[in-house]
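Below is one structure, written out as structure tokens, with a few remarks after it.
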Amino acid sequence: MSLTDQPCQCPCCDYYTLTERGAHEVCPVCYWEDDGHDLDRLDEVSAVCHITLRQARANFAAFGAADQAAISLVASREEILGLRRELRANV
Ligand SMILES: [Zn+2]
């Protein structure tokens, strides 16, 4: 399966980059590690990412990565062009 037809939405950047949820896949677009947190647990600190999903989503909006350390690791703009994304508002 290519990155352009993954079935599951990343809880941080809202791109469809994951093959399944809660399986500790690292999203190539924002570098959030998916521990199963979603918008219903925005303010719970992730044990693996060490920040809240709300903070990670704000980080992605501000500088394109879930946290500062991932800025140099995330996919380039060209790489994420064409990926499916459905923006969700923080609740
Ligand atoms: Zn992501």
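Indexing begins at 1, ligand by ligand and atom by atom, following the structure's order. Side-chain atoms are counted along with the backbone in the values below, which use heavy atoms only and exclude waters and symmetry mates.
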(message) I need the protein N, O or S atoms closer than 2.8 Å to the Zn ion (ligand 1), given as residue plus atom name.
(response) C10 SG, C13 SG, C27 SG, C30 SG

(message) Within the structure provided, determine whether C13 and W32 are in side-chain contact (heavy-atom separation under 4.5 Å).
(response) no

(message) Taking E86 first and then R88, would you say they form a salt bridge - that is, a charged N and a carboxylate O separated by under 4.0 Å?
(response) no

(message) Test your reading of the model: is there a side-chain donor-acceptor pair from E25 to the backbone of E20, 3.5 Å cut-off?
(response) yes

(message) Quick check: is V26 connected to I80 through a chain of hydrophobic side chains (ILVMFWY, heavy atoms under 4.5 Å apart)?
(response) no

(message) For A66, is there any backbone N or O sitting under 3.5 Å from a side-chain donor or acceptor partner on N59?
(response) yes

(request) Is it possible for you to say whether L83 and L18 belong to one hydrophobic cluster, with membership spreading through side-chain heavy-atom contacts below 4.5 Å? (result) no

